[in-house]
A.B. asks: 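Okay, handing you the structure first.
Just so it is clear, the structure is predicted and the values come from calculations on it, not from any experiment. Atom set for the values below is all heavy atoms of this structure, side chains included, hydrogens, waters and symmetry mates excluded. Sequence lines set the chain letters: A, B, ... in the order given, protein chains first and strands last, and positions in each chain run from 1.
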There are 2 protein chains.
Amino acid sequence: MDTQKALYVFREHLERYIVFNEAEWIVFMQHLTFRTLKKKRYFAEPGIVCKDIGFIVKGAVRYYHIKEGEEITGYFSFENEFVSSYKSYLTQSPSLTYIQALEDTELVGISHKDMQLMLNNPMLAYKMERFGRLVAEHYLICYEDRVSSFITKTPEERYLDLLNTGRDILQRMPQHYIAHYLGITPVSLSRIRRRILV
Amino acid sequence: MDTQKALYVFREHLERYIVFNEAEWIVFMQHLTFRTLKKKRYFAEPGIVCKDIGFIVKGAVRYYHIKEGEEITGYFSFENEFVSSYKSYLTQSPSLTYIQALEDTELVGISHKDMQLMLNNPMLAYKMERFGRLVAEHYLICYEDRVSSFITKTPEERYLDLLNTGRDILQRMPQHYIAHYLGITPVSLSRIRRRILV
DNA sequence: TCAAAACGTTAACAAAAGATAAGGAATTTG
DNA sequence: CAAATTCCTTATCTTTTGTTAACGTTTTGA
């Protein structure tokens with residue numbers, strides 16, 4: 001996908017949050033970067049400040065930690081979603097997680113520095129605050145649902161939920177990633193699947 | 001605590017996010033309500049749209065679901081924190097959880113309607129967008145940490161974390177609430193505590 | 001103030017999950 | 001294309017958690 005097309009797709013999806021007029025869009029665009037993250041390359045790494053928030057035009061990433069030598073995959077992002085190590089990006093402190101491309105992934109990025117410039121640019125400030133608010137609220141809601149599922153549901157129930165709503169994750173992610181995403185081991189998920197079949 | 005004092009405390013803490021000049025503050029104040037929620041009364045209930053976001057001046061609340069006849073406490077808010085059934089408030093859809101006062105609790109509230117009025121009032125719009133963004137980002141980070149603890153930590157590790165950082169929760173909440181907050185049963189938490197002592 | 005309810009611990013047993021290892025199928029990669 | 005790696009399942013055994021119930025203590029509230 002070329003840069004023009006990517007920017008067009010981005011603008012299209014952005015309109016869920018804010019609509020720029022042409023003059024604003026031209027300035028906004030100057031603060032964007034377009035890049036391809038090759039498969040297995042990192043968008044974020046522990047100990048390193050995550051400088052960008054990205055919008056995935058094509059591809060997918062996974063978020064993972066390493067615990068006792070093992071990779072624990074906690075989250076995924078796909079096309080038309082944002083990706084960032086949010087805490088690291090928002091506070092400009094070292095990331096705690098890896099974010100890795102699972103396929104060649106094309107991203108429109110906004111660096112923290114450019115975001116600050118736009119938040120301080122009178123022409124864009126209001127819409128950027130609004131944009132930031134709506135995106136943060138969107139993810140706040142996602143996380144609220146997810147925390148609530150850990151509190152009130154068993155792993156088996158979380159898997160059943162995923163069967164209803166997790167099309168992308170189920171179809172595109174290997175099962176051992178999904179297991180960790182649900183908070184259990186791959187062996188345990190395999191057993192849950194067998195239990196459900198009966 | 002009287003209304004004046006409560007508003008003063010609120011303004012003080014708000015300055016973490018935004019600073020109003022006097023003219024703005026006077027208008028902003030007109031969109032606030034001050035009320036006391038008696039112990040055991042509800043700030044939010046399942047099936048009912050949560051109309052307010054509250055700032056707790058004094059007191060504490062717990063968030064809980066009912067599952068198979070049992071109350072599962074998932075979260076708490078204390079003095080100088082916000083309280084809301086966020087998804088319900090942000091989307092004006094029915095709440096999924098109860099939010100109940102654990103003590104007589106004094107709140108400064110902003111109704112969804114008043115928030116919209118302020119977001120559409122040119123005098124306040126920019127600062128309100130910014131306020132909304134910063135609050136949402138704050139809670140986004142809290143939730144990110146919490147999800148990550150469910151993915152990468154055992155219940156015992158989550159309890160040990162709480163011993164380090166959860167002063168308010170540990171000192172003011174009964175242990176069976178804490179257990180559910182950690183995603184386990186009260187019996188299990190009691191065992192973990194014994195394990196740790198040895 | 002006094003009975004009822006709530007709370008935390010413990011015990012016993014059942015159910016689920018974790019750890020480890022083995023084996024076969026599928027996929028990757030040099 | 002062949003070797004290596006990844007992936008999922010299954011089995012075994014251990015550990016942890018869930019469930020239920022009992023008991024004594026503390027707190028609540030009529």
A.B. asks: Take the protein atom CD1 of B/I184 and the nucleotide atom C1' of C/dA16, then report the distance between them rounded to whole Å.
C.D. replies: 15 Å

A.B. asks: In whole angstroms, how far is the P atom of C/dA6 from the OH atom of B/Y64?
C.D. replies: 12 Å

A.B. asks: Of all the nucleotides listed (D/dC8, C/dA21, C/dT10), which has the minimum atom distance to the side chain of A/P174?
C.D. replies: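 Of D/dC8, C/dA21, C/dT10, D/dC8 is nearest to the side chain of A/P174.
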
A.B. asks: Roughly how many Å is it from CD1 in A/I178 to C1' in D/dT9, rounded to a whole number?
C.D. replies: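 That distance rounds to 15 Å.
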
A.B. asks: Answer yes if the side chains of A/Y63 and A/S77 hold a donor-acceptor pair under 3.5 Å, and no otherwise.
C.D. replies: yes

A.B. asks: Does OP1 or OP2 of D/dT9 have a side-chain N or O of A/Q175 closer than 4.0 Å?
C.D. replies: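 Yes, such a contact exists.
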
A.B. asks: What is the distance, to the nearest angstrom, from the NZ atom on B/K153 to the P atom on D/dT16?
C.D. replies: 18 Å

A.B. asks: Please report the interatomic distance CD1(B/I53) to NE2(B/H112), rounded to the nearest 0.5 Å.
C.D. replies: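 Here the interatomic distance stands at 10.5 Å.
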
A.B. asks: Ignoring backbone atoms, establish whether A/R194 has a side-chain N or O less than 4.0 Å from OP1 or OP2 of D/dT10.
C.D. replies: yes

A.B. asks: Between atom CZ in B/R193 and atom P in C/dC7, what is the gap in whole Å?
C.D. replies: 15 Å

A.B. asks: Can you say whether a donor on the side chain of B/R191 sits under 3.5 Å from an acceptor on the base of D/dG18, or the other way round?
C.D. replies: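 Per atom types, the contact qualifies.
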
A.B. asks: Considering just the side-chain nitrogens and oxygens of B/H176, establish if one lies under 4.0 Å of OP1 or OP2 belonging to C/dA6.
C.D. replies: no

A.B. asks: Tell me which of A/P186 and B/E68 sits closer to the 5' end of DNA chain D, going by the nucleotide each one is nearest to.
C.D. replies: A/P186

A.B. asks: So, do B/F150 and A/F150 have ring centers that fall under 6.0 Å from each other?
C.D. replies: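 Centroid distance B/F150-A/F150: below 6.0 Å, so yes.
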
A.B. asks: Could you check how far CD of A/E157 sits from P of C/dA16, rounded to whole Å?
C.D. replies: 11 Å

A.B. asks: Counting heavy atoms from C-beta on, name the nucleotide in C/dT10, D/dT17, C/dA17 closest to the side chain of B/P155.
C.D. replies: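 The answer is D/dT17, which lies nearest to the side chain.
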
A.B. asks: Answer yes or no: does a side-chain N or O of A/R195 lie under 4.0 Å from OP1 or OP2 of C/dA17?
C.D. replies: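 Looking at the OP1 and OP2 atoms of C/dA17, one of them is under 4.0 Å from a side-chain N or O of A/R195.
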
A.B. asks: Find the distance A/K39:NZ to C/dT29:C1' and express it as a whole number of Å.
C.D. replies: 11 Å

A.B. asks: Just how far, in rounded Å, is C1' of C/dG8 from CD1 of B/I196?
C.D. replies: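 Between C1' of C/dG8 and CD1 of B/I196: 15 Å.
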
A.B. asks: Both B/Y177 and A/T185 contact DNA chain C. Which one's nearest nucleotide lies toward the 5' end?
C.D. replies: B/Y177

A.B. asks: Assign the ring pair A/F82 / A/Y139 to parallel, tilted or perpendicular, where the plane angle (0 to 90°) is split at 30° and 60°.
C.D. replies: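 Taking A/Y139 first and then A/F82, their aromatic rings stand perpendicular (interplane angle over 60°).
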
A.B. asks: Please compare B/E156 and B/K40 by the position of their nearest nucleotide in DNA chain D and report the one closer to 5'.
C.D. replies: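 The 5'-side residue here is B/E156.
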
A.B. asks: Over 60° means perpendicular and under 30° means parallel, so tell me whether A/F20 and A/W25 are parallel, tilted or perpendicular.
C.D. replies: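 Tilted: the ring planes of A/F20 and A/W25 meet at 30° to 60°.
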
A.B. asks: Determine: side-chain N/O of B/S188 to OP1/OP2 of D/dG18, distance under 4.0 Å, yes or no.
C.D. replies: yes

